[in-house]
Amino acid sequence: MDSFDYIIVGAGTAGCVLANRLSADPKTSVLLLEAGGKDNYHWIHIPVGYLYTLGNPRTDWCFKTEAEPGLNGRAIDYARGKVLGGCSSINGMIYMRGQARDYDQWRQMGNVGWAWDDVLPYFRKTENHYAGADDMHGADGEWRVEEQRLSWEILAAFRAAAAEVGIPNTDDFNRGDNEGCGYFQVNQRRGVRWSAAKAFLKPAMQRPNLKVLTHAQASRIIIEDGRATGLEFRHDGTPRAATARGAVILSGGSVNSPQLLELSGIGQGGLLQQHGIAVQRELPGVGENLQDHLQVRLVYKVANTRTLNLRANSLLGKAAMGLEYALFKTGPLTMSPSQLGAFAKSDPSKETANLQYHIQPLSTDKLGEDLHPFEAFTASVCNLRPESRGTIHIASPDPMAQPSIRPNYLSTEADRSVAADAIRLTRKICAAPALTPYQPEEFRPGPSIGDNAADLAKAAGDLATTIFHPVSTCRMGNDNMAVVDDRLRVHGIDGLRVVDASVMPTITSGNTNSPVVMIAEKAAEMIIQDGR
């Protein structure tokens with residue numbers, strides 16, 4: 001058995017940051033395991049390539065949820081990165097921190113050191129912002145943030161229409177209050193995806209004290225006398241094991257981290273016994289508290305303007321886009337899935353914005369499928385703070401078997417009400433004067449769906465899908481349903497931590513990738529301070 005100071009399970013966003021920071025001390029040895037492969041697939045690096053990485057078993061675990069009652073019996077795809085860089089290698093590249101309120105709430109729940117003023121320095125430390133440093137942004141970090149390299153007339157019109165209905169323009173969503181409408185900033189460098197693997201892992205991979213194994217599937221944490229002492233895994237199909245002198249750190253994300261805990265005997269005793277797994281530590285919160293952002297994708301046909309639909313459906317259009325990208329690294333191939341964003345309140349009683357829009361100059365029945373044969377845009381809108389709570393639990397003792405994913409979307413009356421209000425607000429924006437020249441015509445859900453709350457909620461269930469932000473399945477806290485404490489140590493097991501989106505007590509008000517960078521940066525500092 002090889003021996004290391006730290007074993008990190010998962011080379012996704014958090015794992016890449018941790019590997020960099022923990023191996024910076026040449027006296028500290030680090031093993032980083034990634035079940036997926038290397039990030040040498042060209043579509044990872046071309047921004048629009050997310051269309052070819054999502055649902056691709058080379059880069060995506062290709063999970064599916066169970067049939068969801070709130071989605072009217074549908075099961076949906078649940079993409080998770082399966083490659084160096086994890087989800088940062090296949091996601092929408094949007095740089096978003098969330099709201100100051102999110103982190104202040106974490107602190108109010110008893111998590112010391114996680115208020116907005118506590119975490120802002122870690123956001124700034126990792127950031128390399130195109131506009132340079134100020135009191136809110138950093139310029140010396142590895143996490144590159146740039147403006148997008150294309151524009152669309154229909155998006156500018158939507159922004160103007162949003163202002164006409166009371167959603168003000170903003171040029172920066174990342175200063176603590178993200179209410180407003182503006183263009184997303186993205187994790188790209190000169191028109192190329194900037195993943196956590198590029199930012200944090202690649203600069204560290206030449207260090208002799210960092211060992212990175214791909215195609216290494218963790219199967220069980222070795223626990224002796226209440227302490228995590230190592231890990232069993234399969235590397236290229238061969239059983240192997242390694243010992244950890246300092247700590248085993250799980251960074252597999254909100255699906256794989258609770259799965260590995262349960263496979264190792266940490267979780268709900270009854271469930272573990274059903275699968276023949278000896279209980280090492282009863283922790284009922286493992287796999288519970290799943291939260292996710294559910295997006296309702298409204299589609300509007302338009303006239304008198306160009307969107308991506310007809311351009312992408314033309315051989316000449318495709319050739320022109322490819323040539324522009326090859327020559328200048330600009331144009332539609334630099335597109336993140338969404339270019340324009342908006343944060344708004346579903347009703348005026350909300351303390352802060354509780355809706356997020358992702359506006360796209362394109363439309364399709366399903367992400368990755370052909371675009372519609374008419375000009376259109378999509379206004380995806382999600383409830384930033386859902387009340388619904390789901391679960392992720394093992395369905396088999398086999399580490400390669402997909403766990404059972406039950407997000408439990410739209411299971412509360414409040415969530416159904418917000419979904420109905422979101423559709424109403426979208427219709428209001430699309431009826432504003434700024435969009436009139438483009439003759440927006442509602443295609444989905446369609447004018448046959450009236451203003452009745454129950455009908456709108458049902459339409460949301462028919463249209464909605466995940467925006468790929470699962471969190472909180474190994475929640476931070478000190479109550480009986482918490483899995484880790486506020487230093488991200490697993491309750492009752494020495495030498496074991498979880499560092500990824502699963503530790504969030506509540507979901508952040510926006511895209512979740514950059515908050516994970518922050519969590520890992522802060523965790524690395526705590527691990528070094530604690531010495532294990």
Side-chain angles (χ1 to χ4, degrees), residues 92-102 116 123 127 129-132 134-137 145-188 293 295-296 298 300 302 304-308 334-362 377-385 421-438 440 467 508-511 514:
M93 297 160 282
I94 292 171
Y95 181 73
M96 187 65 59
R97 297 172 176 175
Q99 298 172 5
R101 173 193 183 279
D102 302 330
W116 172 251
F123 279 117
E127 189 180 18
H129 196 270
Y130 75 97
D134 62 17
D135 60 334
M136 286 288 169
H137 290 288
V145 179
E146 294 187 352
E147 292 184 303
Q148 297 177 73
R149 300 164 69 88
L150 74 170
S151 62
W152 295 89
E153 181 182 46
I154 194 66
L155 298 185
F158 189 97
R159 190 183 190 199
E164 289 173 338
V165 302
I167 305 171
N169 286 345
T170 183
D171 59 2
D172 190 349
F173 288 124
N174 291 295
R175 306 186 75 84
D177 178 4
N178 53 20
E179 186 168 3
C181 186
Y183 293 96
F184 290 125
Q185 294 168 1
V186 290
N187 294 120
Q188 294 182 11
H293 288 146
Q295 61 172 340
V296 183
L298 287 87
Y300 282 80
V302 290
N304 306 319
T305 191
R306 297 190 70 189
T307 66
L308 188 62
T334 69
M335 285 174 59
S336 65
S338 305
Q339 296 77 56
L340 184 72
F343 290 82
K345 297 176 182 178
S346 61
D347 70 65
S349 68
K350 301 297 181 182
E351 177 188 351
T352 58
N354 68 313
L355 297 178
Q356 180 180 6
Y357 281 90
H358 292 76
I359 315 301
Q360 303 132 17
L362 55 86
F377 70 87
T378 302
S380 290
V381 57
C382 68
N383 179 359
L384 290 170
R385 291 188 284 277
D421 286 341
I423 295 174
R424 291 187 183 108
L425 178 59
T426 309
R427 287 174 167 176
K428 184 177 179 182
I429 295 169
C430 292
L435 278 167
T436 300
Y438 308 103
I467 207 162
T508 54
S509 299
N511 309 73
S514 288

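What you see below is based on every heavy atom in this structure, not just the backbone, and it leaves out hydrogens, waters and symmetry mates.
- Checked against the 6.0 Å centroid criterion, the rings of His129 and Tyr95 do not qualify as a close aromatic pair.
- Annotation: the span from Glu164 atom CD to Ile429 atom CD1 amounts to 10.5 Å, rounded to 0.5 Å.
- Remark: Gln356 CD to Asn178 CG distance equals 7.5 Å, nearest 0.5 Å.
- Among all heavy-atom pairs drawn from Asp172 and Asn174, the shortest one is OD1-N, 2.9 Å.
- Nearest heavy-atom pair across Ala434 and Ala157 is CB-O, 3.7 Å.
- Taking 4.5 Å as the limit, some side-chain heavy atom of Lys345 sits within range of a side-chain heavy atom of Asn354.
- Between Trp152 and Leu308 there is a side-chain heavy-atom pair separated by less than 4.5 Å.
- Contact annotation: the side chain of Val145 approaches that of Asn187 to within less than 4.5 Å [non-hydrogen atoms, C-beta and beyond].
- Shortest non-hydrogen contact noted between Asp421 and Ser346 is CB-O, 3.8 Å.
- With hydrogens and angles left out, the side-chain atoms of Asp102 and Thr508 include no donor and acceptor closer than 3.5 Å.
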For Arg97 and Glu127, run salt bridge (charged side-chain N to carboxylate O under 4.0 Å, His left out): C-alpha distance rounded to whole Å, both residues' side-chain angles, the deciding distance at 0.1 Å, then the answer.
CA-CA 11 Å; Arg97 297 172 176 175; Glu127 189 180 18; 2.7 Å; yes
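- Using a 4.0 Å cut-off between a side-chain N of Lys or Arg and a carboxylate O of Asp or Glu, Lys350 and Glu179 do not qualify as a salt bridge.
- When all heavy atoms are compared, the tightest approach of Ile167 to Ala344 is CD1-CB, 3.7 Å.
- Contact detail for Thr305 and Glu153: the closest heavy-atom pair is OG1-OE1, 2.6 Å.
- In this structure the side chain of Pro337 never reaches within 4.5 angstrom of the side chain of His358, judged on heavy atoms.
- Taking every heavy atom of both residues into account, Arg101 and Thr352 meet most closely at CD-OG1, 3.4 Å.
- A heavy-atom distance below 4.5 Å is found between the side chains of Arg159 and Asn169.
- Here the straight-line distance linking atom CD of Gln99 with atom CH2 of Trp116 works out to 9.5 Å at 0.5 Å rounding.
- Two residues are said to be in side-chain contact when any heavy atoms from C-beta on lie closer than 4.5 Å; Gln339 and Ile359 fail this criterion.
- To the nearest 0.5 Å, atoms OG1 (Thr334) and CD (Gln188) are separated by 6.0 Å.
- Here the straight-line distance linking atom CG of Leu155 with atom CZ of Phe377 works out to 9.0 Å at 0.5 Å rounding.
- Taking CG of Leu362 as the start and OG of Ser338 as the end, the distance is 8.0 Å to the nearest 0.5 Å.
- Residues Tyr357 and Thr426 bring a donor and an acceptor atom of their side chains to less than 3.5 Å of each other.
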Step by step, would you call Val296 with Leu298 a side chain to side chain contact (heavy atoms under 4.5 Å, CB included)?
CA-CA 6 Å; Val296 183; Leu298 287 87; 3.8 Å; yes
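- Taking the side chain as every heavy atom from C-beta outward, Phe343 and Leu384 approach each other to under 4.5 Å.
- For Arg385 (side chain) and Ala353 (main-chain N/O), a donor-acceptor pair under 3.5 Å exists by modelled atom type.
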Give the C-alpha distance, both sets of side-chain angles, the deciding distance and a yes or no for salt bridge (charged side-chain N to carboxylate O under 4.0 Å, His left out) between Arg175 and Asp134.
CA-CA 11 Å; Arg175 306 186 75 84; Asp134 62 17; 3.3 Å; yes
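- At least one side-chain heavy atom of Phe184 sits under 4.5 Å from a side-chain heavy atom of Met96.
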